[in-house]
Amino acid sequence: MNQENRHPFFSKLGAQASRLLLAALFLTLFSCGGDKEEATKEAATPDSPMYTLVFLDKTQSVHVDKRYVNDKYRQALTDIIEQNMKNKGDKLEVYFIHENTSKARALSLTVRSERDNLEGANATDREGIETAFQLTLQKEKGIYLRQLLAKLNQQNTGASNLSTDIWASLPVIAKAGESGSEVKVYYFSDMVESVKGADRRDFHTNPPKSDAEAETDAKEDTKKLERYAIGSPQVTIVSPFEPTASSKENNPHVTHYWQTLFQELGGVSVEEL
């Protein structure tokens, strides 16, 4: 069909199709530009600082002077420093677990190393800026690790080592969550809660004897502890037990108690190392 004999319907359809095609092309270009702008904005926005809490058990049931325990704990603390202290503002606090856990802050560290502005820098300059930042950061990490290991090996010979108040770590976690940072929590402990009192748990004298009992105890205790809004921290238990430890020494029902408690308090899963 030649141009002169084309039916008006087809001429109208062609014009409409052209307009639709142009509109679709404009929207595609606009969308791509918006996505690119959004991606650039996300890349330019730094991650919020990491907030790490380390609870070191300083009661008589945990022996960091034993070779296996000391080696395991040293490696775990080294990994924590390396993985969680990466950018300016990343924070790490250490608390001792004993009868007065919530008041036993032993160390507070914050990354001060700062990466120079990369805006407008070419590839060579960027590499130099990143190298300088990493050198400063690694030096800072080395200082922090030495301080952390000193706290690990610090002995508690006072009467406070007779009680293990792990419940008292919950308000500390809740306060950390108020910062708006991602919170990671590490317990270097056998997790044997042991506090005297009618409304407290003493797993030294009366540990849970089954997973069902552990769940019942945890759900009952949740009612007393739910006032602490702990948020959704990442929780890890670094146990002092060797792989060959008996169930009498490393009671799996105690671990199940804590897994249930954290799940009930905030839907938090607990990893054990």
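Excluded from the calculations below are hydrogen atoms, water molecules and symmetry mates; all remaining heavy atoms, backbone and side chain alike, are included. Keep in mind it's a predicted model, so treat the numbers as computed, not measured. The first residue in the sequence is number 1, and the count goes up from there.
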Note to self: Between K224 and D221 (salt bridge meaning N to carboxylate O under 4.0 Å), is one present in this structure?
What the structure shows: yes

Checklist line | Counterpart residues, ring-ring contact (aromatic ring centres under 6.0 Å, His included), relative to F203 (two or more places apart) | finding: Y257

For residues 241-250, which side-chain N or O atoms pair as donor and acceptor with protein atoms under 3.5 Å away, sequence neighbours left out?
unit_1	atom_1	unit_2	atom_2	d
S246	OG	E249	N	3.3

Notebook entry, point to check: Distance from T52 atom OG1 to E93 atom CD, nearest 0.5 Å?
Noted result: 10.0 Å

Checklist line | Sequence neighbours excluded - ring-ring contact (aromatic ring centres under 6.0 Å, His included) pairs with any residue from residues 212-231 | finding: none

Check: Which atom names give the shortest non-hydrogen contact between D57 and S189, and what distance separates them?
Finding: OD2-OG, 2.7 Å

Check: For N100, does its backbone N or O pair with a side-chain atom of D165 as donor and acceptor, under 3.5 Å?
Finding: no

Next item on the list: Not counting sequence neighbours, which residues clear salt bridge (charged side-chain N to carboxylate O under 4.0 Å, His left out) with D202? List them please.
Entry: K196

Checklist line | Residue pair L77 / V54: nearest heavy atoms and the distance that separates them | finding: CD2-CG1, 4.1 Å

Check: Does a donor on one side chain sit under 3.5 Å from an acceptor on the other, for D79 and Q75?
Finding: yes

Checklist line | Contacts of type side chain to side chain donor-acceptor pair (under 3.5 Å), residue E127, not counting sequence neighbours | finding: none

Checklist line | Nearest heavy atoms of K72 and S239, plus distance in Å | finding: NZ-O, 2.9 Å

Item checked: Any residue meeting ring-ring contact (aromatic ring centres under 6.0 Å, His included) with F96, in chain and number order, not counting sequence neighbours -> none

Notebook entry, point to check: Can you name the residues that form a side chain to side chain donor-acceptor pair (under 3.5 Å) with K103, not counting sequence neighbours?
Noted result: none

Notebook entry, point to check: With sequence neighbours left out, which residue pairs that include part of residues 131-144 fulfil the salt bridge (Lys or Arg N to Asp or Glu O under 4.0 Å) condition?
Noted result: E82-K141

Notebook entry, point to check: Going through the distances and angles, do H256 and E215 end up as a side chain to side chain contact (heavy atoms under 4.5 Å, CB included)?
Noted result: CA-CA 7 Å; H256 192 68; E215 288 183 18; 2.8 Å; yes

Notebook entry, point to check: Quick one: which of H204, R200, R201 gives a side chain to side chain donor-acceptor pair (under 3.5 Å) with E193?
Noted result: R200

Notebook entry, point to check: Can you find a side-chain donor-acceptor pair between Q134 and E130 that sits under 3.5 Å?
Noted result: yes

Notebook entry, point to check: Distance from Q147 atom CD to L109 atom CG, nearest 0.5 Å?
Noted result: 5.5 Å

Note to self: So L92 and N84, do their side chains get closer than 4.5 Å, heavy atoms only?
What the structure shows: no

Note to self: I'd like to check the salt bridge (charged side-chain N to carboxylate O under 4.0 Å, His left out) partners of D199; sequence neighbours left out, ordered by chain and number.
What the structure shows: none

Item checked: Residue pairs, two or more places apart or on separate chains, that pass ring-ring contact (aromatic ring centres under 6.0 Å, His included) and touch residues 51-76 -> F55-Y95, F55-Y187, Y73-F188

Margin query: According to ring-ring contact (aromatic ring centres under 6.0 Å, His included), who are the partners of Y186, at least two apart in sequence or on a separate chain?
Written below: none

Donor-acceptor pairs under 3.5 angstrom involving side-chain atoms of residues 174-182: please list them, not counting sequence neighbours.
unit_1	atom_1	unit_2	atom_2	d
S179	OG	A176	O	2.6
S179	OG	S181	N	3.2
S181	OG	P49	O	3.0

Next item on the list: Identify the heavy atoms of S169 and T101 that sit nearest to each other, and give their distance.
Entry: N-CG2, 4.4 Å

Check: If every non-hydrogen atom of G266 is compared with every non-hydrogen atom of S232, which pair is closest and at what distance?
Finding: O-OG, 4.1 Å

Margin query: Would you say CZ of R115 has more than 12 non-hydrogen atoms from neighbouring residues, nucleotides or ligands within 6.0 angstrom?
Written below: yes

